[in-house]
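Worksheet: one structure, shown below.
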Amino acid sequence: MTRIGVIGDIHGNLPALRGVLRHAGDCEGWYCTGDIVGYGPYPVECCRELRKLGAISVAGNHDLGSLGRADLDDFNPEARAACEWTGRLLDPDTRSFLESLELRHQAEPDIHIVHGSPRDPVWEYLTSAGAALKNFSSFDERVCFVGHTHVPMVFILGPQRRVSLLIPGESGELEIENGNRYIINAGSVGQPRDHDARSCYVQYEPEKGLLSYHRVDYPISEVQQAMHEAGLPLFLAHRLVLGI
Ligand code: ZN
């Protein structure tokens, strides 16, 4: 495959998802690190869009929470309210799509996909080089894509078994080098938390060994309006402009 789009933490934010798809153009494959639903007002539409795209996705904690397959006591009150709201909205078709998602997926070429971390695919927030080092033994592929923290981040395991952490900047490009292994957080399409409100996603060109981060504007106020109309918690709408 020449160019793969990697997205995640869409969280029912359809305008953000559409913005990213428009920006990326034709990719030969699409991988999604989960949390397609939860928080945002368009869960059904986002699932439909991913199916249309033929994206391969894993399940995130909010997908499972909305299905009633994760304990809602493990969510904060706003997240829990949004999961309950989403769960009531899911039609049988969308529900069975979400139910079909695996917790981890091994994909071509030499790619592993999870939501949280390789050793704890649903819940671990992978934020440190120390935790990443322990996770490299939980998958075999060269590259693992993760989400969950909503913060773009790359962990690189070098030949000396040392992990370095890289925070990608604006449209950051990174060479995927032979001999290294990588855990790559693709950031969040629908609710970025790195103080940049724009959608974040990754393009990966395996034959060139090239990874690039991209940020895309979308009409935030339109989504906030839909959230108000749906009666979703105010804080969830407010945080979108702050990128938190
Ligand atoms: Zn998420």
Side-chain angles (χ1 to χ4, degrees), residues 6-17 20 30-47 49-50 55-87 89-90 94 97-98 101-105 113-118 120-127 131 144-153 183-202 213 215-216 218 220 223 227 232-233 235-244:
V6 186
I7 50 180
D9 293 286
I10 298 158
H11 284 294
N13 188 336
L14 185 67
L17 176 59
V20 162
W30 281 95
Y31 296 144
C32 172
T33 59
D35 275 4
I36 303 164
V37 305
Y39 290 135
Y42 304 109
V44 172
E45 293 86 343
C46 286
C47 289
E49 202 75 32
L50 283 199
I56 291 170
S57 183
V58 293
N61 56 316
H62 286 256
D63 303 317
L64 297 170
S66 301
L67 289 169
R69 291 188 166 188
D71 190 348
L72 289 180
D73 289 339
D74 291 334
F75 291 82
N76 67 48
E78 285 92 1
R80 180 190 177 126
C83 278
E84 287 169 343
W85 180 88
T86 302
L89 210 74
L90 298 178
T94 309
F97 164 69
L98 288 172
L101 302 179
E102 306 167 279
L103 297 186
R104 62 173 78 243
H105 189 86
I113 310 162
V114 290
H115 179 62
S117 76
D120 181 359
V122 179
W123 288 107
E124 183 177 13
Y125 291 92
L126 203 46
T127 55
C144 177
F145 287 106
V146 301
H148 196 39
T149 64
H150 299 207
V151 176
M153 210 173 261
I183 298 176
I184 297 160
N185 192 314
S188 170
V189 169
Q191 194 202 76
R193 292 183 191 159
D194 60 342
H195 302 278
D196 182 340
R198 296 172 300 166
S199 297
C200 182
Y201 81 102
V202 156
Y213 278 86
R215 304 301 294 237
V216 186
Y218 72 93
I220 295 176
V223 181
M227 290 171 84
L232 285 160
F235 168 68
L236 297 182
H238 185 53
R239 71 190 301 178
L240 293 178
V241 272
L242 303 174
I244 59 169

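What you are looking at is a predicted structure, and each value in this text was computed from that prediction instead of being measured. In each ligand, atom 1 is the first atom listed, and ligand 1 is the first ligand listed.
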- Item | Any donor-acceptor pair under 3.5 Å from Asp9 side chain to Val189 backbone |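 Checked: no pair found.
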- Message: For N/O/S atoms only: which one belongs to Asp9 and is nearest the Zn ion (ligand 1)?
- Response: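 Going through the N, O and S atoms of Asp9 one by one, OD1 ends up nearest to the Zn ion (ligand 1).
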- With a cut-off of 2.8 Å, does His62 place any N/O/S atom under that distance from the Zn ion (ligand 1)?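 It does not; every qualifying atom lies at 2.8 Å or beyond.
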- Item | the Zn ion (ligand 1) reached by His11 (N, O or S, under 2.8 Å) |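 Yes - counting backbone and side chain alike, His11 has an N, O or S atom under 2.8 Å.
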- Task: Calculate the angle formed at the Zn ion (ligand 1) by OD2 in Asp35 and NE2 in His150; 10° precision is enough.
- Result: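 It comes to 180°.
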- Task: With the side chain counted from C-beta on, respond yes when Ile113 and Arg104 share a heavy-atom pair under 4.5 Å apart, and no when they do not.
- Result: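 Answer no - side chains too far apart.
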- Item | Plane angle bin for Tyr39 and His11 - parallel if under 30°, tilted between 30 and 60°, otherwise perpendicular |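 Correct class here is tilted.
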- Residue of the set His115, His150, His148 for which ring pair (Phe, Tyr, Trp, His ring centres under 6.0 Å) holds with Tyr125: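 Going through the options one by one, the only one that passes is His148.
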